[in-house]
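All values reported here derive from a predicted model rather than from experimental measurement. Letters A, B, ... mirror the listed sequences (proteins, then strands); counts begin at 1.
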Amino acid sequence: MISLRPFLGFLLFFSLGFLLVPAASVAADPATAVEARHTPEQVELGRRMYQEGILPSGELMTARVQGDIRLTGEQVICGACHRRSGMGASEGQEVVPAVTGDILYAPLRLPTLKPPLPPTQRAAYTDETLKRAIRDGIGPDGQAFNPFMPNYPLSDTELDSVIAYLRSLSIAPAPGVTETEVHFATIVADAVEPAARKAFLDTMQTFVAQKNVPTRNEDQRAAHAPWHKAWVFGPYRKWVLHVWELNGPRESWPEQLAAQYAEQPVFAVVSGLAPGGWQPMHEFCEGFEVPCLFPITDLPVIDDDDFYTVYLSRGMVLEGEAIARHLAEQQLLGQVIVQVYREGDAKGQTAAAALRDVLQKRGLQVRDARLQDGAEGTTAFWQSLIEDSGAGVVVSWLGASDMAALWSSGLPAKPPIERIYLSSTQFGPGADGIPPAAVDRVYFIHPYELPQKLNRLLLRSTGWLRSKRIYAPAEKRIQADAFFALKMAGGAMKTIRGYFIRDYFLESIEHMVDNASYTSVYPRVSLAPGQRFVVKGYYIAKDDGKGGLQAVTEWGSQ
Amino acid sequence: MNWKYPLPRIPGSRAMVLSAALALTVSGAAALAAEADEHSGHAASEQAMEHDHSGHAAPEQAMEHDHSADEHAGHDAGAADDPHAHHRAMMQQTGYRRSEHDYALHDVPLVDMQGNQTSLLAQLDAGKPVMVNFIFTTCTTICPVMSATFQQVQSELGAERDQVRMISVSIDPEHDTPARLREYAELFDAGDQWEFLTGSLANSIAVQKGFDVYRGNKMNHEPTTLMRKGQGDPWVRIDGLASAADIVKEYHAMLGR
């Protein structure tokens with residue numbers, strides 16, 4: 001006799017296995033209250049141990065793995081694996097469980113940590129079993145832990161502080177989330193060109209409007225979920241998108257941002273468009289601990305210690321460094337190198353500073369030439385610049401109109417000039433206007449997919465934009481970047497399910513990006529814990545004679 | 001992110017799936033007859049499992065010695081008594097798996113941590129025994145432990161460490177610049193015998209594929225250590241988290257001491 005039951009078991013097993021999130025799936029009960037017996041001082045001592053690996057004595061924590069592997073400092077920070085949110089993570093087959101107090105102190109039933117193994121039942125921890133777990137790697141039911149969990153030789157007092165912190169971790173409900181709605185903001189400055197603003201806001205608002213259409217009665221399902229489906233349907237929230245307009249001088253932006261936030265707190269900021277550096281928005285998001293996803297900017301804040309803003313690209317700094325590197329590879333560092341940018345143009349200045357920094361570190365000089373505000377790039381300007389300096393290499397951070405006089409001067413085709421670098425962000429991604437005699441000496445720094453490959457790469461967004469009748473081909477990058485930010489936000493909301501914890505939201509983005517099927521205008525995007533720029537590569541490219549560019553370097557290689 | 005459960009890379013996992021399905025139904029007495037049958041099949045596949053390394057690509061002659069504590073204990077005792085025993089043992093497995101392979105490695109261009117161009121074979125065929133692992137500098141769970149293991153191995157080897165070459169290949173070469181690798185190496189007190197390699201993404205993947213450690217995405221990578229006595233000798237592969245003493249022991253065994 002053949003029984004069907006094994007087969008049914010198989011089905012049940014897999015449907016569960018693939019639906020659930022491993023690290024933090026099903027907390028048995030809603031958050032248990034923090035106990036008042038922990039003092040704020042204890043919580044802070046615990047935070048230092050968990051997030052920084054520093055003992056109350058000020059010394060570094062140490063721990064052991066597999067009996068003899070000694071770990072210390074950054075390697076034993078609890079939050080490195082269990083993450084800042086305490087919601088855990090996964091890497092390869094290793095699943096790092098969630099360790100927030102409300103999850104640890106409740107019984108847990110996980111489908112399984114390693115399918116096809118059977119479900120994991122875990123009794124609720126007590127202070128005693130939790131201490132034993134951290135010290136000796138033994139779970140509340142007496143089973144040994146995964147060997148990657150270090151054993152920490154901590155005293156009772158030290159462990160009490162860790163426990164106090166775990167009990168406080170990720171339990172405050174994130175602002176911007178109600179029973180039925182989740183609030184997001186996007187940022188637009190008043191100086192953004194009307195066409196760009198329209199293309200951007202069309203994308204943002206149409207996407208959110210479409211997301212909110214309850215095609216599967218999601219709101220009804222959430223309100224009346226059967227008990228066994230509550231964890232799937234319950235977390236559904238309508239998205240509310242607030243457009244935060246920034247007006248007037250940049251100095252007033254922090255105040256405006258704080259005021260907007262006070263009026264309606266948001267769970268996260270998604271994309272954004274503002275000329276000049278992203279600093280004010282970056283500082284706002286860091287200060288208010290609000291995730292800020294993929295603003296469209298060439299001037300991000302590059303700071304390894306900051307957490308809340310995730311950028312697409314390092315922008316103009318990446319471009320400056322890329323050229324410095326290419327100069328070295330092409331053995332052009334012995335030449336007289338002159339770079340030109342426009343006074344007051346933050347993008348040009350930033351790129352120029354990055355190039356200068358790299359060369360200075362190698363003990364080399366680059367000469368800077370500035371086009372004064374209001375002045376034009378005339379033939380006389382270029383003539384005197386090149387003849388005075390004897391420039392072999394000209395790096396230009398100027399736009400196409402400022403370059404016209406150089407092209408018509410005949411100088412680019414003659415000695416001393418050997419090489420001209422242009423930024424395709426500033427100049428445009430093509431050889432339009434460059435005389436044929438000079439075109440072979442002109443190289444582009446191009447931190448995007450090559451122009452001739454772009455339409456195909458973007459089909460996923462342009463198809464949607466067209467169907468919504470909001471496609472703006474002239475604002476390709478803005479729409480593509482905005483769409484990417486929205487897709488990522490959507491994916492992360494799905495991953496965190498009912499755990500509306502901002503840090504967890506960002507951590508899930510760190511894990512998602514490498515699997516993204518849509519990569520905006522970049523050939524490849526990638527992220528990992530702690531990384532904050534998804535675009536790692538660029539092309540140095542030349543005119544391909546067919547209106548496109550031909551890469552002369554590989555994307556993203558060291 | 002890859003929030004799906006990664007399937008365990010255990011050869012014969014199909015048999016395990018079946019047994020898991022069975023496990024869910026053992027409460028039903030009606031399934032008992034079928035179960036007895038399935039379990040005989042199960043046991044047979046488990047035997048095959050020792051040798052079937054279909055999960056591993058590349059030409060190889062696999063010689064498996066299972067060093068995991070008591071991975072298959074459940075089967076000896078008779079699965080009928082406790083169908084979960086096997087899986088429970090799997091969960092608590094703290095050992096590692098040793099196997100030997102002949103990998104057909106291509107000479108892939110790479111970049112060392114000084115920023116110099118080099119290549120895989122130039123690094124491996126240095127006339128010394130080599131140990132290889134795979135890391136990335138922003139990895140949080142596996143790599144810090146893997147790197148700390150190498151750190152411990154180099155200290156346990158003492159003066160002998162000059163006779164071995166240790167190599168850590170970045171699986172996130174886009175982010176891991178030579179400068180970042182130098183910083184990382186310093187964090188683990190890497191001696192002169194320990195080199196970190198980066199390069200292009202395609203080349204890093206080529207190296208990973210050559211050693212059959214490529215899992216499609218850096219966040220999926222697994223703890224594997226490889227060692228080889230000399231050019232032409234087989235590679236000793238250690239899957240799982242081994243202690244530094246175990247690695248030193250395997251190293252000495254490989255050298256014939």
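- Taking the six-membered ring for Trp and the full ring otherwise, the centers of Y538(A) and W555(A) sit at least 6.0 Å from each other.
- Contacts between N203(B) and chain A at a heavy-atom distance below 4.5 Å are absent for every atom of the residue.
- Looking at E174(B), both its backbone and its side chain come within 4.5 Å of chain A, counting heavy atoms on both sides.
- Counting non-hydrogen atoms of neighbouring residues, nucleotides and ligands closer than 6.0 angstrom, the CD atom of Q121(A) exceeds 12 such neighbours.
- No other option in G556(A), P529(A), P150(A), G530(A) has as many heavy-atom pairs under 4.5 Å with chain B as P529(A).
- Counting heavy-atom pairs closer than 4.5 Å to chain A, the top residue among G199(B), P144(B), A148(B), G240(B) is G199(B).
- Checking L197(B), L110(B), L201(B) one by one against P173(B), the side chain to side chain contact (heavy atoms under 4.5 Å, CB included) holds for a single residue, L201(B).
- Using a cutoff of 4.0 Å between basic side-chain nitrogens and carboxylate oxygens, E510(A) and R83(A) are scored as salt-bridged.
- For chain A, the option among D246(B), V153(B), D176(B) with the highest count of heavy-atom pairs below 4.5 Å is D176(B).
- For L527(A), the part lying under 4.5 angstrom from a heavy atom of chain B is the backbone only.
- Interatomic distance, Q154(B) CD to R161(B) CZ, rounded to the nearest 0.5 Å: 4.5 Å.
- Ranked by non-hydrogen atom pairs under 4.5 Å with chain B, the options K536(A), Q531(A), E554(A) are led by Q531(A).
- By the 6.0 Å contact criterion, CD on E329(A) is enclosed, its count of non-hydrogen atoms from other residues, nucleotides or ligands being greater than 12.
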